[in-house]
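All remarks here apply to the structure that follows.
Chain A is the first sequence line, chain B the second, and so forth, proteins listed ahead of strands; every chain is numbered from 1.
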Amino acid sequence: MAELYEELGLTSEEYQEIKRILGREPNKVELGMYSVMWSEHCSYKSSKVMLSKLPTEGERVVVGPGENAGVVDIGGGFAAVFKMESHNHPSAVEPFQGAATGVGGIVRDIFTMGARPIALIDPLRFGSLENPKTRYLFEGVVSGIASYGNCLGIPTVGGELYFEEAYEENPLVNVLCVGVLPISRLTKGKAAVPGSVGVLIGSSTGRDGIGGVSVLASQEFDETSQEKRPSVQVGDPFTEKLEIEACLEMLEKGLLLGLQDLGGAGLTCATCETAERGGCGMDVFVSKVPLRESDMEPVEIMMSESQERMFAICRKEDLEPVLKICEKWGLDATPVARVTEGDNLRCFLDDEVTAEVPASSLASGPTYLRKEQKPEYRDRVNSFNPLELPVPSNLRDVFTKILASPNISSKKWVYEQYDHMVRLNTVVLPGSDAAVLRIKETEKGIALSCDCNGRYCYLDPYRGTQIALAESARNVASSGASPVAITNCLNFGNPEKPEIFWQFARAVEGLTDGLRELEIPVVSGNVSFYNESFGEAIYPTPIVGMLGIIDNIERRLEAGFKKDGELIVLLGQTLAELGGSEYLKIVHGKVAGVPPRLNWSAEKSLIRLLLSASSSGIISSAHDLSEGGLSVSLAEACILGKMGAEVELTGELKAHLELFSESQSRALVSIKPERLDELEKIALEERVPARVIGKTGGRKILLKGLFEVDIEEATYLYENSLEQMVAGGHR
Amino acid sequence: MRFGIVMFPGSNCEQDCLHVLRDVLNQDAEYVWHQSSDVSGFDCLVLPGGFSYGDYLRTGAIARFSPVMKAVEKFAIGGGLVIGICNGFQILLEAGLLPGAMMRNVGLKFICRFVDIRVETVNTPWTRSCAGGGVLEIPIAHNEGNYQVPAGTLEEMKRRGQIVFRYCSPEGSAHPDFNPNGSIENIAGICNQEGNVLGMMPHPERASELELGSTDGLVIWRSILAHCGARA
């Protein structure tokens with residue numbers, strides 16, 4: 001067994017612990033089950049000590065972390081269900097299928113709760129676009145997401161995208177899904193009624209994906225990584241689409257006691273987690289599981305990660321109608337398990353017991369408090385002062401370069417490959433600060449934004465994570481929605497390295513403190529460790545997915561200017577802050593300094609101001625300031641609004657700082673001249689600096705005394721750069 | 001008016017069509033399951049968008065063998081109104097209810113965005129309310145919208161007024177620059193010789209409410225209602 005447990009990714013201490021729990025040596029099936037459930041991916045063994053500090057409660061929380069996804073009350077009898085997950089390593093090995101099955105997995109988590117999935121958002125990170133490998137990964141991932149999401153008929157309404165050397169061999173593919181349900185249909189993944197039946201629905205079980213969570217997701221990358229391709233599964237969105245419809249129909253009819261998807265760790269995970277949550281045991285009859293290959297062993301059946309499978313628990317008397325609905329949708333459905341009293345998960349091969357372990361011991365897993373140590377690079381990069389660098393004489397040149405940089409320019413090339421309109425809810429299309437979806441049954445809408453600046457987090461993980469949180473809240477508020485809850489996907493390197501765990505710990509502390517400031521909870525999330533290749537870790541990338549609620553969808557705001565002749569007002573204070581900025585990277589090729597300060601009281605004041613100005617209909621548009629500072633925010637408001645602007649920078653800072661500083665807690669709004677008084681009054685009450693910097697209109701982005709750019713030229717650079725860089729590889 | 005929305009496994013725009021017909025236009029509308037062989041009692045059948053049977057083969061190639069398609073065919077031959085949107089259009093081509101075939105977009109990528117289409121004829125039940133032709137702003141969302149047809153057939157179709165929509169500039173120029181998918185002569189929608197069967201790649205149901213950015217799709221629905229003497 002010694003070689004086997006190591007091969008399966010378990011440590012010798014973990015093997016000893018398994019022996020202690022069982023009071024004997026585990027057999028091969030049992031060892032396989034422990035190895036997947038105790039993997040970092042499934043057990044959160046390195047992260048759960050830190051994650052327990054996060055605030056998870058709030059008056060809107062219906063279901064917090066621990067279930068398949070978080071559930072938030074949005075009023076009117078409806079709830080939003082949302083969660084973010086990673087599929088980084090599968091996508092690095094096989095970009096199309098890796099990304100596609102990532103979509104499939106997160107969507108299953110959402111309809112498992114009884115919700116109709118209504119939107120997807122995809123935060124992505126890749127290496128430099130100069131590298132042909134990056135272009136291969138990037139194109140593959142985008143078409144994988146498109147092929148799966150489009151076929152399901154779930155709109156992909158937004159995302160975020162950065163290219164940075166730190167992600168060269170280890171791209172990040174995170175996927176957020178949100179669903180909506182009448183609260184009465186809420187379902188949980190639990191088996192709480194002894195005697196009830198577990199039904200396996202959907203695809204048959206094959207040898208694909210065995211050890212995906214342990215061998216692929218919970219180890220670093222090296223030269224053998226390509227050999228892990230067989231651990232990546234192949235997606236079948238059509239079957240999943242049928243599963244959505246069939247499961248929602250069964251839930252609507254009240255036929256199910258519990259529902260769980262089969263994702264990482266396959267049937268092992270689905271059976272032990274539902275049993276553990278319901279305080280029951282379960283008998284699993286592996287010989288009944290429909291197989292793709294006839295000679296599969298019980299351990300393979302229990303570990304397989306074949307996609308598009310659901311595990312439904314129903315009363316014996318409801319089995320008949322459950323099977324009928326599956327038949328209607330052309331889905332295979334087979335009773336494979338029985339819920340029992342007690343705590344034991346038993347696997348039967350015909351009459352023979354091939355595994356018998358306490359379900360809770362599988363589901364809970366070990367807990368580690370990893371060592372942490374401040375990385376040596378921190379002081380070096382932080383001591384760098386970007387203000388000492390020479391200032392380029394041609395600011396127009398800097399402006400156009402930044403506008404065309406792949407991290408800033410329009411992501412149209414990506415989102416036009418996604419069906420972002422199906423379901424008729426997308427009332428703010430991709431490209432604005434947040435995606436806004438109407439909830440047809442009500443007057444309400446929800447806004448979603450995912451954010452994280454990996455450079456900031458590399459320079460200071462605590463502050464960088466706080467900025468990610470603040471920006472997501474600001475984006476949602478700029479759309480007119482109140483931030484109410486978050487999900488997250490925390491992407492880091494190898495947690496067994498003290499420097500990496502130090503980054504992780506600071507990031508979670510930053511998130512915890514920030515959530516307490518905003519008084520909102522985290523309701524779901526995911527941790528992705530081991531994002532390293534050849535010993536080099538990615539930038540710490542804790543991506544925050546914010547959910548906001550708009551009570552009246554008519555009051556939503558977009559980033560683009562709306563009308564000629566309106567006043568442009570800059571809200572918030574600009575400081576001389578260039579650390580980690582896009583300016584510093586584009587002009588000087590550096591990622592250094594300290595990230596911008598974040599003052600929560602200023603941030604909260606700005607958010608209150610934006611919400612009050614949008615709900616009372618005072619302002620015409622709002623756009624937050626982030627990467628690229630005022631220059632980018634202004635250009636985007638013009639390009640999206642298809643009009644120019646005349647602006648005069650009257651601040652005390654030098655022009656390049658006014659334009660490119662990335663100071664936080666700022667937004668750019670446009671307003672009818674006659675309503676300025678009202679805005680100024682709220683700004684005064686909230687103590688938010690508000691400065692009229694110009695007016696909308698014309699065909700130029702004109703910065704008085706500095707430079708001007710035709711709106712056509714700016715639009716061309718902004719909208720075509722990404723496509724040209726991708727196409728560059730095909731010449 | 002009573003609309004039947006044909007639902008194949010893998011359809012994904014059927015709820016959108018139902019919403020627009022029922023909630024926006026106040027018409028009777030219900031789903032017709034792909035295994036049904038009865039479409040009597042409907043004034044108009046809608047074949048919605050989606051990925052019928054996953055479209056793993058050629059788009060629409062399996063759906064045309066669904067039991068309901070026999071009934072749809074009979075309904076169409078009897079003069080019943082049938083509109084196929086996106087995947088529905090692809091199915092109508094596969095079923096031979098409309099001439100021509102669909103290829104992958106020239107860029108080999110799925111495209112979702114608003115496009116402008118020019119109304120080429122108002123002499124169909126689907127466009128009779130488009131006074132003076134004009135340009136409609138309606139979204140497309142497809143991977144295979146590159147419509148092709150042999151030159152001879154195309155000439156005949158043109159002569160008979162079967163070309164219903166062409167991709168164009170906002171001002172109405174059907175120049176190749178405004179063709180998103182490579183379809184022959186910028187064709188976005190066609191009808192059969194009798195005019196009662198329409199296939200179009202753009203999604204009128206996605207442009208039927210102001211909140212979604214355009215109401216230009218309504219003119220198509222209203223044309224059908226006017227044709228049948230119904231009230232919106």
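Among the candidates A/Arg556, A/Lys241, A/Arg438, the residue making the largest number of heavy-atom pairs closer than 4.5 Å to chain B is A/Arg438. With chain A as partner, the option from B/His203, B/Arg113, B/Gln35 having the largest number of non-hydrogen pairs under 4.5 angstrom is B/Arg113. Contact count against chain B (heavy-atom pairs under 4.5 Å) is highest for A/Asp236 among A/Thr426, A/Asp236, A/Ile553, A/Leu429.
By the 4.5 Å heavy-atom criterion applied to side chains, A/Glu554 and B/Glu211 are counted as neighbours. Looking at B/Gln15 and A/Arg116, their side chains come closer than 4.5 Å, going by heavy atoms from C-beta outward. Using a 4.5 Å heavy-atom cutoff, the side chains of B/Phe51 and A/Ser147 are not in contact. Residues A/Leu152 and B/Asn12 form no side-chain contact, since every pair of their non-hydrogen atoms from C-beta on lies 4.5 Å or further apart. Using a 4.5 Å heavy-atom cutoff, the side chains of B/Arg206 and A/Val422 are in contact.
Contact of A/Leu424 with chain B is made through backbone and side chain together, with heavy-atom distances under 4.5 Å. Proximity to chain B is limited to the side chain of A/Lys440, based on heavy atoms less than 4.5 angstrom apart.
Separation of atoms CH2 (A/Trp413) and NZ (B/Lys109) is listed at 5.0 Å; rounding is to 0.5 Å. We find the CG-SG distance between B/Asn143 and A/Cys151 to be 11.0 Å, quoted to the nearest 0.5 Å.
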